[in-house]
Amino acid sequence: MRKPSWNQRAKTLWAAAGILLFFLLVVIGGSFCAKRALVSDFSAVNCPPGRAHLFGTDWLGRDMFSRTLRGLSISVLLGIGTAAASAGIALILGILAAMSKRLDAIVSYLIDLVMGIPHILLLVLISLAVGRGLKGVVIGVMVTHWPSLARVIRGEILQLKEQPYIAAAKKLGKGPWGIAVCHMLPNVLPQFLTGMILLFPHAVLHESSITFLGFGLSAEQPAIGIILSESMKYLILGNWWLAVFPGAFLVILVLMFQYLGESLQRFFDPAGFHR
Amino acid sequence: MKKKRYHILLTICLMAGMAAGCGKTSQESKNGAETLQETEKSSRAKEASVIVTMPTSSEPEAGFDPVYGWGAGEHVHEPLIQSTLLRTNEKLELEQDLATDYQVSEDGLCWTVTIREDVSFTDGEPLTAADVAFTYNTCRDNSSVNDFTMLKEAEATGDYEVKFHLNRAYSIWPYTMANVGIVPEHAYDESYGTNPIGSGRYMLKQWDKGQQVILETNPDYYGTKPGIDRVTVLFLTEETALAAAMAGEVDVAHTAAVYTQQQPKGFHLFEADTVDNRGINLPAIPAEERDGLRYGNDFLCDVRVRRAINLGIDRELLIEHTLQGYGTPAYSVCDGLPWYEEQGETAYDAAKAQKLLTEAGWLPGEDGIREKDGVKAAFTVLFHPEDSLRQALAEEIKNQLLELGISVTTEAAGWDVAYDKAQSQALVWGWGAHTPMELYNLYHSMEDGLAEYSPYHNETVDDYMDQALASNDMEESYELWKKAQWDKRTGITQEGDIPWIWLCNVKHLYFVRDGLAIAEQKIHPHGHGWSLINNIDAWSWE
């Protein structure tokens with residue numbers, strides 16, 4: 001009997017499945033905890049982690065386990081949404097760039113413009129301009145995260161344009177949109193997918209950062225950024241659990257997605273097919 | 001100063017180490033800290049200097065210029081660097097500072113004040129009636145933080161006599177005279193805020209913006225010589241102030257109830273009584289839209305609902321939960337002040353509150369929340385996102401009102417939107433000042449027919465306050481201010497319209513180095529900052 005071969009591709013698939021399952025659990029668990037994360041109980045404030053409260057409680061007696069889980073689920077949902085939207089923008093601009101010289105100049109200029117401003121600064125400004133809150137975060141993250149991916153897609157397409165079969169398609173009378181959809185899109189899809197997944201960690205961390213700085217989600221929401229900024233006041237009292245658990249889980253979440261993205265990159269790499 | 005920051009950071013790390021519980025080492029370092037505290041204390045006592053911390057919000061943005069709010073702005077305190085015409089003592093009675101006498105005309109429209117002749121500014125120029133007139137006229141023209149619309153003209157009628165002509169009678173004008181620091185006409189320009197010249201007890205020695213202010217005594221001061229020669233004020237957050245006290249770097253650290261369990265070695269807790277109150281506004285008219293903004297609230301516009309909420313809040317429990325007991329129940333915006341009407345005090349009575357709600361037609365639904373015609377008994381309480389106490393109060397209100405069958409949602413709102421939102425929803429506010437004008441600002445209707453911060457209108461209440469301002473006898477005006485609150489028929493208290501619900505007065509807490517005697521404080525107004533050192537000249541090291 002042959003042993004199942006655990007090559008890189010199988011491993012990647014299994015890991016991806018496991019990670020996706022974890023995210024699903026976080027999101028489902030988070031939605032179950034949505035109510036509990038907001039309940040304050042002044043008879044149990046500042047409890048260290050224990051049986052009744054796995055991750056302890058904060059200064060309002062709120063259960064930190066529920067809050068952490070809810071915060072992570074908010075992060076996952078926001079991260080996926082904004083990463084997808086941002087990648088979408090990147091794809092559209094990347095394809096537009098390949099259409100004509102003039103469009104290419106405009107898109108390149110846009111990329112340089114957004115990349116030239118420090119990420120977090122631009123995020124804060126945009127979030128402030130559209131009125132903070134959920135809307136501020138979503139729009140802010142969406143319109144700041146596309147440039148690097150757009151640049152990759154543009155480069156890829158410029159290279160494709162020189163390919164003989166594209167020239168053949170052109171001679172056969174296919175219009176620029178037809179070429180883009182039929183011949184170029186399938187070619188840049190792998191880059192697009194991995195790029196989108198690699199955007200996710202950035203989106204999550206930036207969402208948490210601007211929320212932490214007070215320009216993001218509203219203070220009554222149990223987002224990780226809010227939890228961490230609230231914990232600052234109580235660390236001096238020795239309430240380490242307020243920051244350690246939410247912080248650690250945020251890092252784990254981000255690392256998992258990073259891993260997922262990187263393995264997908266290898267997965268799509270034709271040269272690594274037999275690894 | 002950069003170095004100091006590192007010290008504070010280091011202390012935090014150290015403390016985290018202690019908290020982790022390494023028994024012996026922590027004992028040793030504590031002993032070390034004790035000797036450190038002792039040497040710091042003796043050196044400070046020798047110099048008669050004090051280092052005090054204040055919240056970062058206490059740093060005056062526009063500098064030490066009374067025209068732009070120094071001492072007389074949102075947070076009222078003695079200007080220290082400048083003299084005022086009058087001043088208030090520990091019992092809030094008016095005393096003379098620069099003024100030797102003041103009189104008001106029969107119609108209340110003209111105040112005549114004579115001032116001392118022996119006072120000069122720290123640059124040597126004498127302080128005359130012209131400077132006083134200049135100060136008030138400049139305030140009238142420029143002050144954005146204080147109301148000077150009642151002043152028509154200040155006029156120097158002699159070298160040492162000044163007349164204030166008012167547009168309308170304003171019986172509490174002496175409280176304005178107790179707030180406004182007098183600036184020199186000959187040395188006043190745009191840079192005055194950073195280079196203030198005054199005639200007060202102290203001079204500004206140094207101001208490092210964003211960090212510290214150093215005051216030193218004015219050697220030519222006309223009054224009693226201050227007991228403390230040098231005051232350093234550091235602007236820190238509560239956490240860093242605590243860390244600085246633990247490191248022995250400050251003598252007085254402002255703090256909050258949550259930190260009281262972490263009392264630094266060699267320090268004791270000082271509690272100052274306050275009218276620094278917290279309360280919520282309840283929009284008292286049915287919901288409507290004006291100019292695109294929502295006003296009023298259909299649930300809260302029923303006076304029985306407002307009364308039930310006032311009855312159903314257990315203030316003692318609330319103070320225990322949110323302030324660890326460091327507060328007193330509040331029943332008005334001016335508890336304990338001379339114009340306070342005591343009949344507004346309302347005992348906690350949940351049964352009566354339940355009855356009122358039932359009478360009003362709000363009956364318990366299946367989930368325990370009351371309903372009327374299919375509408376849930378629910379409203380939103382807003383709080384400022386960076387104020388953990390206000391958030392805790394909002395949460396506590398939510399928990400307590402749930403027992404009555406009212407569903408409260410808590411929501412953060414920064415000051416950019418809070419004022420607008422409070423026109424239709426409840427917001428946790430902080431007030432408390434040494435002037436009855438605050439009653440006017442909260443309850444008196446404006447030109448559009450509604451009070452400024454929360455929609456409310458009562459003709460009788462308005463009338464009493466107008467009369468109080470028009471009175472030319474201060475004592476008599478106090479009675480009118482009281483009647484505005486409750487005249488045995490109508491008013492703003494429990495039996496009246498109750499458009500605001502007052503929760504607690506927050507005690508101002510400080511860690512004070514043992515051996516430093518803080519003089520008796522006047523009841524602190526809103527603002528945890530400069531009030532403490534109003535009488536710093538009377539402090540002493542033992």
Side-chain angles (χ1 to χ4, degrees), chain A residues 34-46 48-49 56-63 67 124 127-137 210-223 225-244, chain B residues 8 11-21 237-246 255-262 264 317-324 380-400 402 408-414 416-417:
Chain A
K35 243 197 175 138
R36 210 173 152 222
L38 296 177
V39 175
S40 56
D41 176 6
F42 286 95
S43 63
V45 293
N46 297 325
T57 62
D58 65 4
W59 93 107
L60 294 174
R62 294 178 298 193
D63 180 48
R67 287 178 73 71
V124 166
S127 176
L128 264 180
V130 298
R132 284 188 262 192
L134 184 68
K135 202 169 86 184
V137 174
I210 65 163
T211 304
F212 177 84
L213 292 173
F215 300 103
L217 296 177
S218 182
E220 76 273 0
Q221 276 160 333
I226 298 284
I227 294 175
L228 290 179
S229 74
E230 281 177 355
S231 76
M232 298 275 289
K233 280 194 157 179
Y234 303 93
L235 290 181
I236 197 167
L237 297 177
N239 299 358
W240 53 272
W241 56 89
L242 294 179
V244 168
Chain B
I8 292 168
T11 327
I12 294 172
C13 298
L14 244 173
M15 281 196 358
M18 281 188 199
T237 61
E238 280 159 3
E239 312 86 275
T240 34
L242 176 57
M246 286 175 154
T255 192
V258 280
Y259 299 118
T260 48
Q261 44 174 308
Q262 287 278 342
L317 188 69
L318 171 134
I319 290 165
E320 204 47 55
H321 279 167
T322 58
L323 288 167
Q324 268 102 55
T380 303
V381 175
L382 306 160
F383 60 89
H384 189 262
E386 271 145 51
D387 191 323
S388 54
L389 172 61
R390 291 185 196 197
Q391 185 174 11
L393 287 169
E395 289 294 330
E396 177 68 14
I397 292 170
K398 174 180 167 178
N399 292 346
Q400 289 201 11
L402 195 60
V408 171
T409 315
T410 56
E411 190 186 313
D416 48 344
V417 292

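Below, chains carry the letters A, B, ... as their sequence lines are ordered, and counting in each starts from 1. The analysis underlying the following values was restricted to heavy atoms, covering all of them including side chains, and did not include hydrogens, waters or symmetry mates.
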**Report entry** Heavy-atom closest contact (B/E395 atom, A/L38 atom, distance)
**Finding:** OE1-O, 3.8 Å
Query raised in the report: Given the options A/N46, A/I226, A/L60, which has more heavy-atom pairs under 4.5 Å with chain B than any of the others?
Result: A/L60
Report summary line: Here the pair of heavy atoms bringing B/V258 nearest to A/L237 is O-CD1, 3.6 Å
Report summary line: Okay, A/Q221 and chain B: the region with an atom under 4.5 Å from a heavy atom over there is neither
Requested in this report: Side-chain contact test, heavy atoms from C-beta onward, threshold under 4.5 Å: evaluate it for B/T237 versus A/M232 and give yes or no.
Outcome: no
Report summary line: Between B/A243 and A/I236, the two heavy atoms sitting closest are N-CD1, 3.9 Å
Query raised in the report: Which atoms form the tightest heavy-atom contact between B/E386 and A/K233, and what is the distance?
Result: O-NZ, 4.0 Å
Report task. Tell me, with the steps shown, if B/E320 and A/F42 meet side-chain contact (heavy atoms from CB on, under 4.5 Å). Result -> CA-CA 9 Å; B/E320 204 47 55; A/F42 286 95; over 6 Å; no
Query - Considering all heavy atoms, the nearest A/W59-B/A392 contact - result: NE1-CB, 4.3 Å
Requested in this report: Measure B/E396 against the heavy atoms of chain A and call it side chain, backbone, both or neither at under 4.5 Å.
Outcome: both
Report task. Name the member of A/G214, A/A219, A/S229 that forms the most heavy-atom pairs with chain B at distances under 4.5 Å. Result -> A/A219
